[in-house]
Amino acid sequence: MNTSDPLTDDDLADIQERADAATPGPWYVRQLDDEFAMSLVAVSTVADTGLGERWPDFDHHHVVAATLVQQPRYVDIADERWDENAIFIASARQDVPRLISEIRRLHRLLEEKSQAPGDR
């Protein structure tokens with residue numbers, strides 16, 4: 001698909017299906033730290049406590065994704081936008097469904113306008 005092409009109903013249904021299949025939200029950014037995953041920046045289903053918990057004091061089952069694991073260097077993006085990427089991923093969990101709803105609402109409005117008598 002070309003990014004400049006309009007989104008079709010099928011496109012929106014595919015996006016909605018992927019969003020519905022993902023782990024339920026909301027998602028949060030968490031800063032975790034231990035000797036196995038030093039300075040872990042994670043996306044989690046549990047909000048950050050601000051305590052920088054060390055494993056095993058956090059439940060790894062809540063971690064959806066990681067944007068930084070410094071030791072060893074498992075996850076580490078060259079542009080160093082770990083926090084920004086984590087915020088984007090966590091926000092996408094609620095942003096994508098909202099965007100789908102808004103696009104569908106706008107599609108309905110356009111459809112209603114095109115069918116209204118006297119507007120041609």
Give the intermediate values and the outcome of side-chain contact (heavy atoms from CB on, under 4.5 Å) for residues Leu109 and Leu106. CA-CA 5 Å; Leu109 287 173; Leu106 293 171; 4.3 Å; yes
Indicate the atoms forming the closest heavy-atom contact of [X] with [Y], along with that distance.
X: Ala66; Y: Val75; result: O-CG1, 3.5 Å
X: Val46; Y: Arg30; result: O-CD, 3.0 Å
X: Phe58; Y: Val63; result: CE1-CG2, 4.5 Å
X: Val96; Y: Ala19; result: CG1-CB, 4.3 Å
X: Leu32; Y: Ala42; result: CD1-CB, 4.5 Å
X: Gln31; Y: Asp83; result: NE2-OD1, 3.3 Å

Tell me whether Tyr28 shares a hydrophobic cluster with Val64, the cluster being built from Ile, Leu, Val, Met, Phe, Trp, Tyr side chains joined at under 4.5 Å.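 Shared cluster, no.
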Going hydrophobic residue to hydrophobic residue with side-chain gaps under 4.5 angstrom, can you get from Ile15 over to Ile103?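 Ile15 and Ile103: one cluster.
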For atom [atom1] of [X], decide whether the heavy atoms of other residues, nucleotides or ligands shown that lie under 6.0 angstrom number more than 12.
X: Asp9; atom1: CG; answer: no
X: Glu102; atom1: CD; answer: yes
X: Arg104; atom1: CZ; answer: yes

Given side-chain contact (heavy atoms from CB on, under 4.5 Å), test Thr8 with Asp11 step by step and report yes or no. CA-CA 5 Å; Thr8 66; Asp11 294 332; 3.1 Å; yes
Only one of Gln115, Lys113, His107, Arg108 clears side-chain hydrogen bond (donor to acceptor under 3.5 Å, both in side chains) with Glu111; which?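 Output: one option passes, namely Gln115.
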When you compare the side chain of Asp48 with that of Val29, does any pair of heavy atoms fall below 4.5 Å?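 SC-SC contact between Val29 and Asp48 ruled out.
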With heavy-atom distances below 4.5 Å as the criterion, would you say the side chains of Ile77 and Thr67 are in contact? no
Supply the atom-to-atom distance Asp59 CG to Glu53 CD, rounded to the nearest 0.5 angstrom.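 Reported value, rounded in 0.5 Å steps: 11.0 Å.
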Quick check for you: to the nearest 0.5 Å, what is the distance between Asp95 atom CG and Ile89 atom CD1?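 Here the rounded value is 12.5 Å.
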Run Leu68 and Asp76 through side-chain contact (heavy atoms from CB on, under 4.5 Å) and show every step you take. CA-CA 5 Å; Leu68 176 64; Asp76 184 11; 3.8 Å; yes
Tell me if a side-chain donor or acceptor on Arg93 pairs with a main-chain N or O of Thr23 at a distance below 3.5 Å.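 Checking the backbone N and O of Thr23 against the side chain of Arg93, a donor-acceptor pair under 3.5 Å is found.
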Ignoring hydrogens and geometry, is there a side-chain-to-backbone donor-acceptor pair from Trp27 to Pro24 under 3.5 Å?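 It does hold such a pair.
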